[in-house]
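Worksheet: the structure to be examined is printed underneath.
Whatever order the structure lists ligands and atoms in, that order sets their numbers, starting from 1.
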Amino acid sequence: MYFHKIYILLLLLILSCSKDKMNGDITIIDDQGEMVTIDPSANRKSVGDSASDLLTELNFDIIHLEIFYVKGLQPTAATIQNFEDFLIARLHKSGGIEIELKEIESPGQAVYTIADIRNLEDGLRTAYNSENKIAVFGLYIDGEYSENTDNGSVLGVAYRNTSFVIFEETIKNFSGQPLAPSTTVLETTVLNHEFGHLMGMVNAGTPLQSDHQDTAHGRHCTSENCLMYWTAETGEGLLNMISGGTIPTFDDLCLEDLKANGGK
Ligand SMILES: [Zn+2]
Ligand SMILES: [Zn+2]
């Protein structure tokens, strides 16, 4: 009888788990501390799939950014202000732009693959799309990216339609070098660049209006001065690209694409 009960219980557990798995629903703790079941599938698509939803307010007039940072690796207040100004300038979000910063302990790894980062996101993220609000996840991580090479230290990656990671320890290593631009300049450039990918740039969800895709470097722009130039996301490249502490912006051709897809 006892075993029978356990068996039934196990069977029920297995059934409910597999049902959840089929739906893809997950349980999270919301801001009020309540356990809620939500469907994360709208936030688990490919980079660029939400370009139009980020740029326009046809479906969402509020954007909520939930940005986690490992203790000691918080982006500067000036970086967050620059980023907010960048979003205000490009997105139609008349309901508001909400940026929330949350501190976490180091996961304790020296090297992270994108699979590792996805797993971290799935454990940390509490903000998902709801009614009129589109949610974006950001992570400032310690350690380094598994794909780094001798002269290519990756500073950031956009890896899902509403998710990006910034390798902040790597950024600090570069901003600490003699004559390097400030941490805020490097941080802002990488953050805006990765968000540019979420906006569907270049030719990744936001269609080209002219021929300016640097196909040799994937989803990047051919203009060396553009925010979407490929060197903007590696430390070695970025030190060469930035002169006089100026943060790169979209060039006219990238702006044309964004506007044609509903951005400002
Ligand atoms: Zn890039
Ligand atoms: Zn461009």
ask   = Vertex the Zn ion (ligand 2): angle to SG of C254 and SG of C221, to 10°?
value =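 My answer is 120°, to the nearest 10°.
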query = Under 3.5 Å, is there a donor-acceptor pair between the side chain of E194 and the main chain of A158?
reply = yes
key: From E98, K93, E131, residue fulfilling side-chain contact (heavy atoms from CB on, under 4.5 Å) relative to I62   =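 It is E98; the other options fail the test.
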Partner of M199 under side-chain contact (heavy atoms from CB on, under 4.5 Å), chosen from N261, N192, V47, L91 = L91
message = Any N/O/S atom from D251 (main chain or side chain) under 2.8 Å of the Zn ion (ligand 2)?
response =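 Checking D251: at least one N, O or S atom is under 2.8 Å.
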ask   = Does H212 bring an N, O or S atom to under 2.8 Å of the Zn ion (ligand 2)?
value =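 For H212, the answer is no, given that no N, O or S atom comes within less than 2.8 Å of the Zn ion (ligand 2).
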query = With respect to the Zn ion (ligand 1), what is the nearest N, O or S atom of H193?
reply =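 It is NE2 of H193.
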query = Hey, is the Zn ion (ligand 1) within less than 2.8 Å of some N/O/S atom on E233?
reply = yes
request  = Please determine if E66 and K102 form a salt bridge, counting it only when a charged side-chain N lies under 4.0 Å from a carboxylate O.
outcome  =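 Judged by the 4.0 Å cut-off on N to carboxylate O distance, E66 and K102 do form a salt bridge.
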request  = Measure from NZ or CZ of R90 to the centre of the six-membered ring of F86 and say whether it is under 6.0 Å with the direction within 45° of the ring axis.
outcome  =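 The answer is no; the distance or angle limit is not met.
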